[in-house]
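In what follows, every heavy atom counts, from backbone to side chain, and hydrogens, waters and symmetry copies are set aside. This one's a predicted model, so the numbers in the text were calculated from it and none came from an experiment.
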Amino acid sequence: MKRGLILFAHGARAASWAAPFERLREQTAARLPDAEVALAFLELMTPGLPEVAAAMVARGIGEITVVPVFLGQGGHLLRDLPALADELRAAHPGLRLDVVGAIGEDAGVQRAMADYCVASLA
């Protein structure tokens, strides 16, 4: 069964804001040739998470992991994302949907950000 990975970002009014997330999606997809990797937004930009997940399900993907590309577990990840996940599970009963923690809370990501901060003084 082909798997799907959705990078879930907040969204912004400026289209240029999405550029680093698109690059992240491209780099991730290049490393996961057996999975479909997409980018979805919570607000202000499209596509939204429900649309991306529905399109994946329509293409036969039965297992989706959502990676919140947020620095921490704020209100959107504590309230909005669980509600969206519940709606997706209700709309697609056969779907295996996993939602992982915010990318910024991962120890490896934090080390990489600290490395960047330290290097900025060089």
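- Panel note: side chain Gln73, backbone Gly101; no donor-acceptor pair is recorded below 3.5 Å.
- Arg96 is linked by a salt bridge (charged side-chain N to carboxylate O under 4.0 Å, His left out) to Glu63, Asp98, counting only residues two or more places apart in sequence or in another chain.
- Through side-chain heavy atoms spaced under 4.5 Å, either directly or across other Ile, Leu, Val, Met, Phe, Trp or Tyr residues, Leu5 is tied to Leu7, Trp17, Phe21, Leu24, Leu32, Val37, Leu39, Phe41, Met45, Val67, Val69, Leu71, Val100, Ile103, Val109, Met113.
- Sequence neighbours left out, the pairs with a member in residues 74-122 that pass ring pair (Phe, Tyr, Trp, His ring centres under 6.0 Å) are His10-His76.
- Considering only residues two or more places apart in sequence or on other chains, Asp86 meets the salt bridge (charged side-chain N to carboxylate O under 4.0 Å, His left out) condition with Arg89.
- Within the structure, salt bridge (Lys or Arg N to Asp or Glu O under 4.0 Å) pairs that include any residue of residues 12-28 comprise Glu22-Arg25 (at least two apart or interchain).
- Between atom CG of residue Leu95 and atom CE of residue Met56 there is a gap of 10.0 Å, rounded to the nearest 0.5 Å.
- Taking the side chain to side chain contact (heavy atoms under 4.5 Å, CB included) definition, one finds that Pro82 meets it with nothing, sequence neighbours left out.
- Listed by first and then second residue, the side-chain hydrogen bond (donor to acceptor under 3.5 Å, both in side chains) pairs involving residues 102-113 amount to none (not counting sequence neighbours).
- A search for side chain to side chain contact (heavy atoms under 4.5 Å, CB included) contacts involving Ala40 returns Ile6, Phe8, Leu49, Val52, not counting sequence neighbours.
- Taking 4.5 Å as the limit, every side-chain heavy atom of Val66 sits out of range of all side-chain heavy atoms of Leu84.
- The distance from atom CZ of Arg3 to atom CG of Asp34, rounded to the nearest 0.5 Å, is 7.5 Å.
- In this view, Arg59 and Glu36 satisfy the side-chain hydrogen bond (donor to acceptor under 3.5 Å, both in side chains) rule, not counting sequence neighbours.
- Nearest heavy-atom pair, Gly4 versus Ile61, reported as atom, atom and distance to 0.1 Å: N-CG2, 3.5 Å.
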